[in-house]
Amino acid sequence: MFKYSLHATVIATAMLFAQAAMAQDTAPMPEQSAAMAASAPRDPSLKPVFDEFGGRPGLVALMNDFMDNLMADTRTRPYFVDADREHIKVELVDQFCVILDGPCTYSGKDMEKVHRGLGINRAAFNALVEDLQTAMNKHDIPFRAQNKLLAKLAPMHKAVITK
Amino acid sequence: MGMYRKNRATWLIGLALSGCVISSVAAAAGVESASDSSTPTVSNKLLLTGGVTQVEGSAGGGLTPWAVIGGYGTSDEIGANAFLTHVNLPDYHLDEVGAMVGLYDRVEVSFAQQRFNTEQVGAALGLGRGFTFQQNIIGVKVRLFGDVVLDQDSWLPQVSVGVQHKKNDQAGVLQFIGAKSDEGNDYYVNATKLFLGQSLLVNATLRFTKANQIGILGFGGDRNNSYKPEFEGSVAYLLSRNWAIGAEYRQKPNNLGIAKEDDWYDAFVAWAPNKHVSLTLAYADLGNIVIKDRQRGLYASVQVGF
């Protein structure tokens with residue numbers, strides 16, 4: 001009898017923790033961390049990765065396939081169909097180029113501002129990552145190099161996922 | 001003996017074949033869903049980030065649960081898996097089936113049934129050749145905080161707590177060998193971190209348990225009958241989107257006077273051609289089990305997701 005009530009207590013406690021954690025997840029993010037997530041941090045240690053991506057021309061070619069994938073994917077298409085896709089591709093090339101310490105400057109808008117009101121959820125964000133992975137595979141970018149870029153992009157979920 | 005060997009071989013070939021059939025069906029299904037114009041409502045987590053099914057039915061590696069919630073559902077979705085596992089040891093074998101549901105990337109509920117066959121050892125101990133311990137396990141895991149994939153700008157891991165309720169069907173034999181109960185609960189807390197830049201996943205689990213040989217030999221014993229914290233760890237290296245290799249360690253208690261119990265180790269390779277199927281092969285060292293030392297063998301598991 002005692003054993004079962006102990007069991008129930010542990011589960012109840014776990015549920016409480018989970019609720020607290022859930023509340024924490026949905027709490028509004030402080031301005032500063034949002035701004036940090038939005039900026040594209042230049043990382044000098046990623047210069048070799050920039051070369052593995054084929055430099056700036058490699059990024060331009062990659063972005064063409066990436067956008068094609070996004071448009072072909074029913075999960076991501078709605079977010080791009082009415083957008084200026086050529087402009088987005090240029091911005092993405094600059095952004096990736098800066099993250100990988102390439103000779104570029106990113107003059108694009110604040111990540112949070114651009115994505116505000118788009119109602120992007122986690123599923124759509126993950127779908128975008130998959131479409132990027134597919135494009136990187138097509139361009140024979142080594143898996144480890146892909147992950148080094150994705151590790152820099154992943155924290156941007158805070159600015160992008162609003163739903 | 002020869003017959004057992006043959007049975008095992010048949011079983012393993014069957015498992016491999018079913019894996020192939022399932023994966024081709026799933027691949028076909030994947031092609032279909034890609035051309036489907038409706039928005040999918042499940043399967044949106046990234047490949048292999050949900051782990052595979054561990055030996056007690058929870059999402060994890062082969063031996064240890066991870067903090068991940070099983071299935072490919074995100075916070076808006078439900079995911080589900082079914083699995084078949086076979087462990088082929090020199091003097092025993094284990095057959096296992098089960099299923100799990102992952103709810104909104106928050107709660108995982110799992111069921112597993114283990115059938116541990118003692119083969120000739122059963123005869124030697126007077127239980128009868130092929131004597132089998134059957135254990136049912138119901139698991140609940142709750143993610144407390146953290147995101148194993150996306151939190152790449154902090155050292156914070158994904159952390160979960162869980163319980164595995166286990167019930168063994170051989171109460172009489174368990175009492176005879178010195179176990180204090182035929183059922184028990186394992187409580188665990190685990191932390192899992194993906195170092196994406198290094199393509200490396202690391203997991204640490206602290207389990208509070210009284211289980212002898214994970215419960216196949218009952219719970220508690222003549223030597224010790226209290227909960228002990230045991231450490232479990234996994235490392236996995238991602239080779240590609242579809243392949244991972246890794247190793248695991250699982251510390252175990254030593255409650256029974258009749259036979260010492262060793263810690264477990266394995267080295268594994270996992271293959272997920274798509275989100276609907278994964279195949280895990282491991283070489284597992286389970287040490288001494290009752291009167292037999294050096295129980296090392298093949299662990300094979302196939303998982304199908306919906």
Side-chain angles (χ1 to χ4, degrees), chain A residues 3-4 6-8 10-11 13-26 33 36-37 41 43 45-46 49 72-78 121-130 133-134 136-137 142-158 160-161 163, chain B residues 33-47 49 72-77 104-107 140-154 158-163 165 181 183-185 187 189 194-200 208 237-243 275:
Chain A
K3 202 164 60 183
Y4 279 98
L6 177 73
H7 189 163
V10 168
I11 289 178
T13 314
M15 292 292 183
L16 267 179
F17 267 116
Q19 275 174 356
M22 242 184 272
Q24 200 178 31
D25 278 0
T26 52
S33 71
M36 274 166 64
D43 186 342
S45 72
L46 292 182
V49 181
D73 187 335
T74 54
R75 299 169 297 177
T76 51
R77 183 185 166 87
N121 62 13
R122 174 73 192 264
F125 184 82
N126 284 350
L128 175 137
V129 175
E130 287 177 3
Q133 286 180 313
T134 305
M136 291 190 291
N137 279 349
F143 183 67
R144 290 204 60 169
Q146 295 184 17
N147 287 347
K148 286 197 160 95
L149 173 68
L150 291 175
K152 293 291 173 188
L153 296 176
M156 291 179 189
H157 75 275
K158 292 172 202 158
V160 173
I161 299 172
K163 208 162 114 182
Chain B
S33 67
S35 59
D36 190 350
S37 62
S38 67
T39 311
T41 53
V42 292
S43 297
N44 279 313
K45 252 186 237 169
L46 299 175
L47 207 55
T49 56
Y72 282 107
T74 65
S75 55
D76 308 314
E77 302 163 339
Y104 311 111
D105 203 28
R106 180 61 68 186
V107 178
V140 178
K141 187 198 288 175
V142 178
R143 180 173 71 86
L144 296 184
F145 57 83
D147 185 309
V148 71
V149 181
L150 293 185
D151 289 343
Q152 294 298 323
D153 53 346
S154 81
Q158 179 166 326
V159 175
S160 294
V161 291
V163 57
H165 176 72
S181 179
E183 62 183 309
N185 296 323
Y187 303 96
V189 53
L194 173 66
F195 297 97
L196 188 54
Q198 286 71 43
S199 305
L200 199 67
F208 297 86
Y237 181 70
L238 308 174
L239 294 170
S240 74
R241 273 171 90 178
N242 309 100
W243 290 89
K275 284 179 187 169

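Because the structure is predicted, anything quoted here is derived from the model rather than measured. A note on names: the letters A, B, ... follow the listed sequences, proteins ahead of strands, and every chain is numbered from 1.
The part of Tyr237(B) that comes within reach of chain A is its side chain, from C-beta onward, which places non-hydrogen atoms under 4.5 angstrom from that chain. Residue contact with chain A, scored on non-hydrogen atoms closer than 4.5 Å, is absent for Leu194(B). Contact of Thr134(A) with chain B is made through backbone and side chain together, with heavy-atom distances under 4.5 Å.
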Assess the residue pair Leu150(B) and Lys158(A) against the criterion (side chain to side chain contact (heavy atoms under 4.5 Å, CB included)); give the C-alpha distance rounded to whole Å, side-chain angles, the decisive distance to 0.1 Å, and a yes or no. CA-CA 9 Å; Leu150(B) 293 185; Lys158(A) 292 172 202 158; over 6 Å; no
Can you check side chain to side chain contact (heavy atoms under 4.5 Å, CB included) on Gln152(B) and Asn147(A), steps first, answer last? CA-CA 11 Å; Gln152(B) 294 298 323; Asn147(A) 287 347; over 6 Å; no
Could you please spell out the steps behind the side chain to side chain contact (heavy atoms under 4.5 Å, CB included) verdict for Asn126(A) and Thr74(B)? CA-CA 9 Å; Asn126(A) 284 350; Thr74(B) 65; 3.8 Å; yes
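Within a 6.0 Å radius of CZ in Phe143(A), more than 12 heavy atoms belonging to other residues, nucleotides or ligands are found.
A distance of 10.0 Å separates CD in Gln146(A) from CG in Leu196(B), rounded to the nearest 0.5 Å. Asp153(B) contributes atom CG, which lies 7.5 Å from atom NE2 of His157(A) (distance to the nearest 0.5 angstrom). Atoms CZ and CD, from Arg122(A) and Glu77(B) in turn, are 9.5 Å apart once rounded to the nearest 0.5 Å.
When all heavy atoms of Gly197(B) and Ala151(A) are compared, the closest pair comes out as N-CB, 3.7 Å.
The side-chain heavy atoms of Arg241(B) and Asn137(A), taken from C-beta on, include a pair separated by under 4.5 Å.
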